[in-house]
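Data block below; observations after.
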Protein chains: 2
Amino acid sequence: MKHLLPLQYIDAVAKAGSIRQAAETLAITSTALNRRILAMEDELGVPIFERLPRGVRLSTAGEILVHHIRSQLSDMERVKSQIADLAGERRGHVSIACSQAMLPYFLPEQVSSYRREHSAVTFSILLRDRAAAEQSLIDMSADLALVFEPVRMLEFHNLLTVRQSVHAVMTKDHPLAGESQLRLRDCLQYPLALPTAHYGVRHLLETAVRSISGTLQPVVESDSFEFLGQHALAENILAFQIPIGLPDAKLRPELVNRPIDIRDVPPGSIYVGQLRGRALSVAAARFANQMIETFVERYDCN
Amino acid sequence: MKHLLPLQYIDAVAKAGSIRQAAETLAITSTALNRRILAMEDELGVPIFERLPRGVRLSTAGEILVHHIRSQLSDMERVKSQIADLAGERRGHVSIACSQAMLPYFLPEQVSSYRREHSAVTFSILLRDRAAAEQSLIDMSADLALVFEPVRMLEFHNLLTVRQSVHAVMTKDHPLAGESQLRLRDCLQYPLALPTAHYGVRHLLETAVRSISGTLQPVVESDSFEFLGQHALAENILAFQIPIGLPDAKLRPELVNRPIDIRDVPPGSIYVGQLRGRALSVAAARFANQMIETFVERYDCN
DNA sequence: TCAGCCTGCTGCAATTATTGCATCGCTATA
DNA sequence: TATAGCGATGCAATAATTGCAGCAGGCTGA
């Protein structure tokens with residue numbers, strides 16, 4: 001849409017931090033970009049950017065404006081999606097910010113399933129820790145968020161809550177593999193592989209361990225669950241994951257997962273949500289519905 | 001704002017019903033306007049307007065788009081208002097759709113009072129019956145609505161409710177002027193001046209009269225309360241009004257108003273509200289607050 | 001200290017987009 | 001059947017946008 005090109009330009013400059021860099025990504029000259037921004041500031045009567053020696057930064061007015069711009073851009077996407085929808089086309093784009101556990105199995109399956117019906121719909125899947133996911137909703141870089149144990153939920157409109165208890169993951173040779181359910185204190189006897197502090201699983205474990213006056217002393221710690229899983233497998237140490245992030249037993253027969261007793265580690269929750277007050281595009285709304293249906297028939301929801 | 005000129009053009013065409021007429025009001029040639037619309041339709045890939053022999057009409061896609069456009073235009077006004085506000089200026093525009101009773105005393109006083117503090121803020125006061133007022137909120141031609149006995153409230157976010165009982169208005173020579181409170185059946189003995197059917201006061205009276213198996217047979221009926229009042233005065237017949245629309249006794253000593261017993265005619269309510277989900281400009285929000293404060297200290301509110 | 005680099009900004013010329021005029025074809029109305 | 005009003009279009013004039021080259025200013029590292 002041509003008329004909101006100036007808005008996209010401002011958004012790009014805000015993101016890039018300098019006019020020349022933004023011009024590069026926009027594939028126009030810095031001259032043109034600079035003049036459009038000067039023109040907008042002139043129309044508005046207030047500077048949008050503060051000029052710094054190494055570029056520009058949003059002024060207070062600019063921050064208000066950029067927030068409005070992002071909302072307009074995403075609104076226009078929604079309108080285009082609605083219009084395409086009533087023309088019988090099922091097209092559009094869905095952007096999702098999610099916790100790591102959704103990445104290996106759940107979302108790929110969901111996206112494929114959806115795209116089998118509506119192949120003109122495209123997706124962005126953004127890995128965001130639980131604080132960053134909400135931020136992505138706020139700055140409209142994501143339409144939907146799937147977050148395990150969100151931090152704060154002020155701008156978050158919850159569509160569905162799914163309870164998930166923490167599971168320990170190990171090889172089938174691990175001494176604990178024989179138990180059907182594990183106690184936390186038993187797990188602590190063995191070497192652990194843990195995600196870094198800002199992940200939900202770690203948070204739940206930390207809280208649980210503190211309540212029995214213990215400490216978590218992981219052998220490996222990483223923000224990459226890919227790494228954690230592979231390493232745990234190689235060294236035969238304990239890792240942790242929630243059910244939605246666990247492979248099917250048939251798919252990975254060498255891996256064993258066992259729930260940890262909920263008396264030790266209370267279950268956390270996955271929240272499916274969107275930005276409060278924001279209207280979803282047709283595609284995003286349909287995809288959210290599909291996910292919610294899957295959750296409802298597969299897990300413990302409310 | 002120049003970048004949303006194309007949007008304003010589409011809005012204007014939708015309102016005018018023909019490109020040539022819209023071009024007239026926009027002070028441009030029909031050629032230019034026509035081509036902008038063709039360009040927009042081309043970008044969108046879908047016709048915005050249906051071409052009729054006598055002009056154009058919004059297509060389904062166009063209706064979605066125009067609704068979005070109006071929301072964008074009003075959002076931009078809000079953003080400009082916010083930016084002006086943080087620059088220390090108290091400027092902006094407030095548009096209010098209201099029932100007739102607000103016009104003679106309440107709103108003039110409120111607007112003057114507000115403009116004494118913030119003279120850069122401008123106002124539009126639109127007289128709308130209770131159905132049209134909500135429509136004005138929906139199409140964003142009004143920021144706020146003050147409606148007596150609204151019809152439906154789906155899109156309406158209520159900020160305050162003020163109860164108002166119906167009063168009979170007459171000259172001090174009228175036979176009923178001696179009573180401190182009137183019964184409906186006594187009123188019906190005298191000639192009546194009534195507003196037309198879609199006004200709230202008429203609605204309340206009709207309902208009340210039906211419940212005592214009577215009928216309302218007004219001597220004069222008008223949608224102009226100005227006329228009703230003057231005529232009632234001249235012929236010395238009964239008119240009806242709610243307290244907020246009544247002059248101060250000192251101001252119009254020849255007029256007498258007496259409440260009708262609430263057992264006969266239940267009190268109606270003034271609703272102060274805005275469009276559900278819409279953010280108000282700084283000026284509109286402040287003005288709404290001022291009104292609400294006045295209501296709370298002066299009338300029976302909740 | 002000073003050269004190198006990156007920044008936003010601006011005058012001028014070329015390019016591109018927009019506008020207005022005249023006119024066409026169409027349809028409902030009188 | 002004539003007419004008036006409508007949207008669409010070719011063409012020329014006009015206005016806006018862009019790109020190039022070059023400016024001054026501040027940070028960075030030798």
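Sequence lines set the chain letters: A, B, ... in the order given, protein chains first and strands last, and positions in each chain run from 1.
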If you take the centroid of each ring, where Trp contributes its six-membered ring, are B:Phe148 and B:Tyr271 closer together than 6.0 Å?
no
Quiz question: by atom type and distance under 3.5 Å, do the side chains of B:Glu63 and B:His67 form a donor-acceptor pair?
no
Using every non-hydrogen atom in the two residues, find where A:Ala12 and A:Leu26 come nearest and quote the distance to one decimal.
CB-CD1, 3.8 Å
To the nearest angstrom, how far is A:Leu26 atom CG from D:dT17 atom P?
17 Å
Are the side chain of B:Thr196 and the backbone N or O of B:His198 linked by a donor-acceptor pair below 3.5 Å?
no
Set of side-chain hydrogen bond (donor to acceptor under 3.5 Å, both in side chains) partners for A:Asp75, sequence neighbours left out:
A:Arg78
For each nucleotide in nucleotides 7-13 of chain D, reading 5' to 3', give B when a protein heavy atom comes within less than 4.0 Å of its base, S when such contact involves only the sugar-phosphate, and - otherwise.
BBBBB--
Strictly below 4.0 Å, N to O, side chains only: are A:Asp143 and A:Arg278 in salt-bridge contact?
yes
Boundaries of the chain A footprint along DNA chain C (any atom under 4.0 Å from a heavy atom)
C:dT7 to C:dT18
Five pairs at each end of the helix from C:dT1-D:dA30 to C:dA30-D:dT1: take the axis at both ends and give me the angle between them to 10°.
30°
Closer than 3.5 angstrom, by distance alone: can the side chain of B:Ser59 be matched with the main-chain N or O of B:Pro47 as a donor-acceptor pair?
yes
Write out all pairs satisfying side chain to side chain donor-acceptor pair (under 3.5 Å) with one or both partners inside residues 117-133 of chain B, taking only residues at least two apart or from two chains.
B:His93-B:Thr122, B:His93-B:Ser124, B:Arg128-B:Ser136
Any donor-acceptor N or O pair under 3.5 Å, side chains A:Ser18, A:Arg54
no
How close or far is atom C1' of D:dA16 from atom NZ of A:Lys2, stated in whole angstroms?
12 Å
Are B:Phe123 and B:Phe287 near enough that their ring centres are under 6.0 Å apart?
yes
Mind calculating the distance between CG (B:Leu33) and P (D:dC6) to the nearest angstrom?
13 Å
Please determine if A:Arg57 and A:Glu50 form a salt bridge, counting it only when a charged side-chain N lies under 4.0 Å from a carboxylate O.
yes
In plain terms, say whether A:Arg20 and A:Glu24 are close enough for a salt bridge, that is, a side-chain N and a carboxylate O under 4.0 Å apart.
no
Residues from residues 59-66 of chain B sitting under 4.0 Å of DNA chain C, heavy atoms only?
none
Using a strict cut-off of less than 4.0 Å between a Lys/Arg side-chain nitrogen and an Asp/Glu carboxylate oxygen, indicate whether A:Arg51 and A:Glu41 qualify as a salt bridge.
yes
